[in-house]
Amino acid sequence: MPLNKLAKIIEESSRDSARARNSVSDPSFLEGVKKDRRKALSSFETVQHALADREEVAKAKAGSGKAGTAKAGTAKAGGPKPRAPKAGAKRA
C-alpha cells in the first residue's frame with residue numbers, strides 16, 4: 001500500500017473520530033441514529049468507504065455465481081468470528 005494512501009486513510013479516520021466526538025452529544029444526531037442508523041452514520045467518510053467495500057464484495061459474490069448459503073455472522077459467510085473470553089474475565 002502506498003504511503004500517501006495510508007496517510008490519507010489515517011487523516012480521514014482522525015477527522016471522522018473528531019466529528020464523532022462532537023456529534024455524540026448532539027440530540028438531532030442521536031435521534032437520526034435511532035431512526036435510521038445507516039443514513040445517520042453515513043455522514044462519516046470511513047463509513048462511506050466501508051459501505052462501498054461491502055457493495056463491491058456483494059457484487060463480486062453475485063457475479064461469481066456462488067451467492068453462498070451460509071447465515072450471516074458465521075465463519076463461512078465471512079462474518080466476525082466469536083472471540084474467546086479473556087483469562088480471568090468475569091461473566092455477566
Side-chain angles (χ1 to χ4, degrees):
M1 180 180 300
L3 188 58
N4 59 352
K5 188 172 183 178
L6 183 61
K8 184 179 177 182
I9 291 170
I10 292 171
E11 182 182 340
E12 287 176 356
S13 64
S14 176
R15 233 182 301 132
D16 282 350
S17 63
R19 286 177 55 200
R21 283 191 296 274
N22 290 336
S23 63
V24 72
S25 59
D26 182 22
S28 62
F29 177 78
L30 294 175
E31 187 65 29
V33 170
K34 282 183 184 177
K35 287 184 179 177
D36 186 4
R37 186 174 196 85
R38 180 175 248 196
K39 183 178 179 185
L41 294 178
S42 68
S43 63
F44 299 107
E45 289 179 26
T46 49
V47 174
Q48 292 171 359
H49 293 164
L51 291 174
D53 290 343
R54 284 186 184 182
E55 288 176 7
E56 287 179 17
V57 169
K59 286 180 185 177
K61 275 188 174 182
S64 69
K66 296 180 182 178
T69 57
K71 294 180 182 176
T74 63
K76 286 187 177 183
K81 296 179 182 176
R83 294 184 189 175
K86 292 182 180 180
K90 294 182 180 179
R91 293 187 181 190

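Index from 1, following the sequence.
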Looking at R15 and E11, is there a salt bridge between them, counting it only when a charged N and a carboxylate O are closer than 4.0 Å?
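Salt bridge present between E11 and R15.
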
Can any side-chain N or O of S14 pair as donor or acceptor with the backbone N or O of I10 at less than 3.5 Å?
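Not a single qualifying donor-acceptor pair exists.
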
For the atom pair CD1 (I9) and NZ (K5), what is the distance rounded to the nearest 0.5 Å?
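Taking CD1 in I9 and NZ in K5, the distance rounds to 6.0 Å.
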
Say you draw a straight line from NZ of K8 to CG of L3; how long is it, rounded to the nearest 0.5 Å?
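These two atoms lie 14.0 Å from each other.
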
Would you check if P27 and E31 make a side-chain contact, meaning some heavy-atom pair closer than 4.5 Å?
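Answer no - side chains too far apart.
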
Do L51 and Q48 have side-chain heavy atoms sitting under 4.5 Å apart?
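The answer is no; the side chains never approach within 4.5 Å.
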
